[in-house]
Amino acid sequence: MSDELISILVLVVVFVIATTRSINMGALSFAAAFGVGELVADFSADHIFAGFPGDLFVVLVGVTYLFALARANGTTDWLVHASIRLVRGRVALIPWVMFAISAALTAIGAVSPAAVAIVAPLALSFAARYQISPLLMGAMVVHGSQGGGFSPISIYGSIVNGIVDREKLPGNEITLFLASLVVNLIIAAVVFVVCGGLKLPRTAVADEKRVDGAEEAPADAEGRLTPARIATLAALVALVVAVLAFDLDAGLTSISLAVALSVFWPDHGKKAVNEVTWPTVLLICGVLTYVGVLDEMGTIDYAGKAVSDIGIPLLAALLLCYIGAIVSAFASSVGIMGALIPLAVPFLAQGDIGAVGMIAALAVSATVVDISPFSTNGALVLANAPDVDRDRFFRQLMIYGGIMVVAVPPVVWLAMVVPGLG
């Protein structure tokens, strides 16, 4: 049995054990990375640690730390009230407002995880406050960020179009953008209906009471802008400007701003550190470390090449879309597109498959699954959802991500590849 097949079987075993036993999947994945890396691939410890997602670790800790501070000092409550006033109390509009904000941020240049890091904590705080499904709100934020993510000036769009140009393939920037936007908009509409969006209040709800009828804290407690809240609002604005205007790392910026706030309000800072979702951090970082070992072993390339060698172009195209969706649910969406688009070049060059449709289908398949709790976006949603049963929410995100992996590739294949677009 080849090393690549062994590594895939170990990944399956990790999933089975984690779902049948109460063991953190991240801890299992670290053990798998050690076992497969050392015993099968003959990697050194340094080689294994090279796959540790340090940037994602800082994003998860930094963003959850900053927004835990915002919750501790009441800033998120104040923003929730402001959002209600903005839509005149029509709670049903809020998920769509979050979708639009996320899409706008990525369309003008924010990377998807940065947009989700900015919007998700506020959106999920609102969901907890007004009894909106956290799955609905998280999905709206993530699909919004992916919907705008392939505009011609966006990060994802620029990268994919650059790969297309480098491989000397025909491309269409507008088709790529609209394909992602339309697919994510349709999925968001379906999720809105399935997760109870039609049951949300369309008329104004009282700002002074919770939806469940419980009395609110006094207006002075939640409606007044205290120095801590003003400083936190300034920090959130600074985060947006730093990420969008100066291209600074969202995680490092968040943790720096959180530390600065904690210096002046140490009680809030102490409480916020305890609210960082460390089990989620362990889970995500462990899984991605093992994926890094798979990548270094050549397992991902092995699977992609096996598909590209199939003699039926349409079938190969469908399998490549599936591989993009499956791998992207655990690893970098852009990275997998960068690996798979070149693998598609041989049969695209034959002219049997339209390049524009294939690139669009692969891009959508590889990004629409980012609601998976193992991806950066899904991890941010999971980590920032307050007042939820985190294990149950994790399973919901995993099931929803699995549905995206299974259902979306054949749909976009039928809509974009089979007609021969491009």
Side-chain angles (χ1 to χ4, degrees), residues 59 63 66-67 70 76 79-80 82-88 90-127 132 136-161 173-192 197 233-251 253-254 333-334 360 363-364 366-371 375-378 380-381 384:
V59 167
V63 171
L66 178 59
F67 280 90
T76 53
L79 286 169
V80 164
S83 299
I84 280 288
R85 290 192 294 270
L86 181 65
V87 295
R88 297 181 180 179
R90 293 171 177 83
V91 177
L93 294 179
I94 290 295
W96 291 107
V97 170
M98 300 303 173
F99 180 97
I101 292 173
S102 300
L105 288 173
T106 52
I108 63 176
V111 294
S112 179
V116 174
I118 292 168
V119 179
L122 298 178
L124 289 161
S125 293
F126 184 95
I132 300 173
L136 166 59
M137 194 67 89
M140 296 297 280
V141 172
V142 173
H143 286 304
S145 70
Q146 302 300 4
F150 286 95
S151 79
I153 64 171
S154 70
I155 299 297
Y156 281 9
S158 299
I159 291 173
V160 171
N161 291 321
E173 296 178 349
I174 301 301
T175 298
L176 176 63
F177 171 48
L178 291 179
S180 179
L181 179 60
V182 170
V183 170
N184 280 281
L185 188 60
I186 291 172
I187 293 173
V190 172
V191 174
F192 184 80
L233 288 171
L236 296 178
V237 172
L239 173 62
V240 174
V241 173
V243 171
L244 299 185
F246 298 98
D247 198 28
L248 297 181
D249 181 81
T253 303
S254 296
S333 300
V334 172
V364 172
T367 54
V368 78
V369 301
D370 281 356
I371 190 65
S375 69
T376 305
N377 288 342
L380 286 167
V381 169
N384 285 285

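Source: prediction; values computed, not measured.
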Item to complete: Using the test side chain to side chain contact (heavy atoms under 4.5 Å, CB included), find all partners of V191 that sit at least two apart in sequence or belong to another chain.
Response: L136, A139, I187, C195, Y400
Discussion item. Show the nearest heavy-atom pair for residues Y156 and P113, with the distance to one decimal.
Written reply: OH-CD, 4.0 Å
Worksheet item: For the residue pair L176 and A363, what are the closest heavy atoms and their distance?
Response: CD1-CB, 3.7 Å
Fill in: Side chain proximity check, L66 to L236, heavy atoms < 4.5 angstrom
yes
Fill in: Residues forming a side chain to side chain contact (heavy atoms under 4.5 Å, CB included) with V182, sequence neighbours excluded
I186
Discussion item. If the condition is side chain to side chain contact (heavy atoms under 4.5 Å, CB included), which residues does L93 pass it with, not counting sequence neighbours?
Written reply: V87, R90
Item to complete: To the nearest 0.5 angstrom, please state how far the CG atom of L178 sits from the CG atom of L185.
Response: 11.5 Å
Worksheet entry | Residues that A127 engages under side chain to side chain contact (heavy atoms under 4.5 Å, CB included), provided they are two or more places apart | I132, M137
Practice prompt. Kindly indicate whether the side chain of I101, heavy atoms from C-beta on, has any atom under 4.5 Å from the side chain of L105.
Written response: yes
Discussion item. Please report the interatomic distance OG(S125) to CG(N384), rounded to the nearest 0.5 Å.
Written reply: 8.0 Å
Worksheet entry | Minimal non-hydrogen separation, P121 against V63, with atom names | CG-CG1, 4.1 Å
Practice prompt. Provide the full list of side-chain hydrogen bond (donor to acceptor under 3.5 Å, both in side chains) pairs with a residue in residues 110-120, sequence neighbours left out, each pair given once.
Written response: S112-S145, S112-Q146, S112-N377
Worksheet item: Do V141 and V381 come within less than 4.5 Å of each other through their side chains, counting heavy atoms only?
Response: no
Worksheet item: Taking only residues two or more places apart in sequence, or in another chain, which ones meet F99 in a ring pair (Phe, Tyr, Trp, His ring centres under 6.0 Å)?
Response: W96
Worksheet item: Do any N or O atoms from the side chain of T106 and from the backbone of S102 form a donor-acceptor pair under 3.5 angstrom?
Response: yes
Worksheet item: Residues two or more places apart in sequence or in another chain: which of them pass side chain to side chain donor-acceptor pair (under 3.5 Å) with S254?
Response: none
Discussion item. So N161 and F150, do their side chains get closer than 4.5 Å, heavy atoms only?
Written reply: no
